[in-house]
Structure formats: structure tokens, C-alpha cells
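Each remark here refers to the structure printed beneath this line.
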Amino acid sequence: MAFWDNVETLRREQNTSYRWLARKMGMSETTISSMRKAGTEPRASEAAKIAAALGTTVEFLVQESSSETQGEVADNYFMKYTSLKNELIKQIDSL
């Protein structure tokens, strides 16, 4: 179940919700929740949408990681995404 563990790690680090993720993917929160709870990996197209929404790659999401590195994200796309997302939030909040 590395996929959903990695999604959970990124989701928490980005301070986002599964509701937000579902909206970004154009899916219902219930569908994502059901897949997650059942441990079902999504189809390739869905995995690509999840990766894009979280600012990472499908490869990162499917990789097995040790408990030591689970919280570490060495993915440049993720770091760039997080930085841009936080800046955008600041800009929107200042309006």
C-alpha cells in the first residue's frame, strides 16, 4: 500500500485534504476514500491526476520507502509546487 502511504505523506506535508484532492481530480471524495481504505491502487490515468495535483510524479507515489525516509521528500517537483502553492495562498489571502 505504498501508493496511499505516499499520497498521505504528501497530503499532510502540503496541508491539504482528500476533499481538495478529489476536486483537483474531478472525482468524488467518496471514490478516493473507498480506494484508499480498500488499499486499491488507482488506474494509471487516476494516478497521474493524483500525482499532478500533489505536484509530484507517479513514480514517487508508487515507490516503496523505508520508515526512515517516509517523511522525506526528495522530489524537486514537489518542492517547487509547495513553494508556488504557498505563495499563491499568501497572494489570495492579501486580497
Side-chain angles (χ1 to χ4, degrees):
M1 187 144 76
F3 183 89
W4 291 110
D5 292 338
N6 291 336
V7 168
E8 179 66 12
T9 298
L10 291 176
R11 188 193 65 76
R12 285 183 183 195
E13 288 178 0
Q14 294 180 28
N15 195 29
T16 59
S17 65
Y18 283 106
R19 177 176 291 163
W20 175 87
L21 184 59
R23 285 184 191 158
K24 292 287 284 186
M25 294 178 58
M27 296 177 72
S28 73
E29 185 178 3
T30 305
T31 301
I32 291 177
S33 178
S34 295
M35 284 191 295
R36 194 180 93 234
K37 288 178 182 177
T40 307
E41 289 192 9
R43 292 186 300 247
S45 61
E46 294 167 339
K49 288 179 183 180
I50 292 170
L54 294 172
T56 192
T57 62
V58 174
E59 291 80 8
F60 176 82
L61 293 177
V62 298
Q63 76 181 0
E64 294 287 333
S65 58
S66 68
S67 59
E68 294 175 6
T69 61
Q70 184 67 31
E72 297 176 17
V73 178
D75 185 78
N76 287 333
Y77 293 113
F78 168 73
M79 290 182 204
K80 289 177 185 177
Y81 173 81
T82 302
S83 175
L84 289 171
K85 179 182 172 191
N86 291 336
E87 185 60 34
L88 182 60
I89 289 170
K90 287 179 190 176
Q91 293 293 326
I92 291 171
D93 288 343
S94 69
L95 295 176

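Since we're looking at a predicted model, the values are computed, not measured.
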Item checked: Cluster link Leu61 to Trp20, ILVMFWY, side chain under 4.5 Å -> yes
Note to self: Starting from Val62, can I reach Leu21 by hopping between I/L/V/M/F/W/Y residues whose side chains sit under 4.5 Å apart?
What the structure shows: yes
Notebook entry, point to check: Partners of Glu87 by side chain to side chain contact (heavy atoms under 4.5 Å, CB included), sequence neighbours excluded?
Noted result: Lys90, Gln91
Next item on the list: Only counting residues at least two apart or in another chain, list the ones meeting side chain to side chain contact (heavy atoms under 4.5 Å, CB included) with Thr30.
Entry: Ser28, Ser34
Margin query: Test of understanding: with salt bridge (charged side-chain N to carboxylate O under 4.0 Å, His left out), list the residues that count as partners of Arg19, not counting sequence neighbours.
Written below: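 Counting only residues at least two positions away or on another chain, Arg19 forms a salt bridge (charged side-chain N to carboxylate O under 4.0 Å, His left out) with Glu29.
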Margin query: Could you check whether any side-chain heavy atom of Lys85 comes within less than 4.5 Å of a side-chain heavy atom of Thr16, counting everything from C-beta outward?
Written below: yes
Note to self: Would you say that more than 12 heavy atoms from the other residues, nucleotides or ligands in this model lie under 6.0 Å from the CG of Asn86, or not?
What the structure shows: yes
If you look at every heavy atom in [X] and [Y], which pair is closest and at what distance?
{"X": "Thr40", "Y": "Trp4", "answer": "O-NE1, 2.8 Å"}
{"X": "Ile32", "Y": "Met25", "answer": "CD1-SD, 3.8 Å"}
{"X": "Ala51", "Y": "Thr57", "answer": "CB-C, 3.6 Å"}

Checklist line | Single hit among Lys49, Gln14, Glu13, Lys24 for side chain to side chain contact (heavy atoms under 4.5 Å, CB included) with Leu54 | finding: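 With Leu54 as partner, side chain to side chain contact (heavy atoms under 4.5 Å, CB included) holds for just one option, Gln14.
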Notebook entry, point to check: Does Arg11 pair with Glu8 as a salt bridge, N-O distance under 4.0 Å?
Noted result: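 Salt bridge flag = yes for Glu8 with Arg11.
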Checklist line | Gap separating the OG atom of Ser83 from the CG atom of Leu88, nearest 0.5 angstrom | finding: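 One finds 11.0 Å between OG of Ser83 and CG of Leu88.
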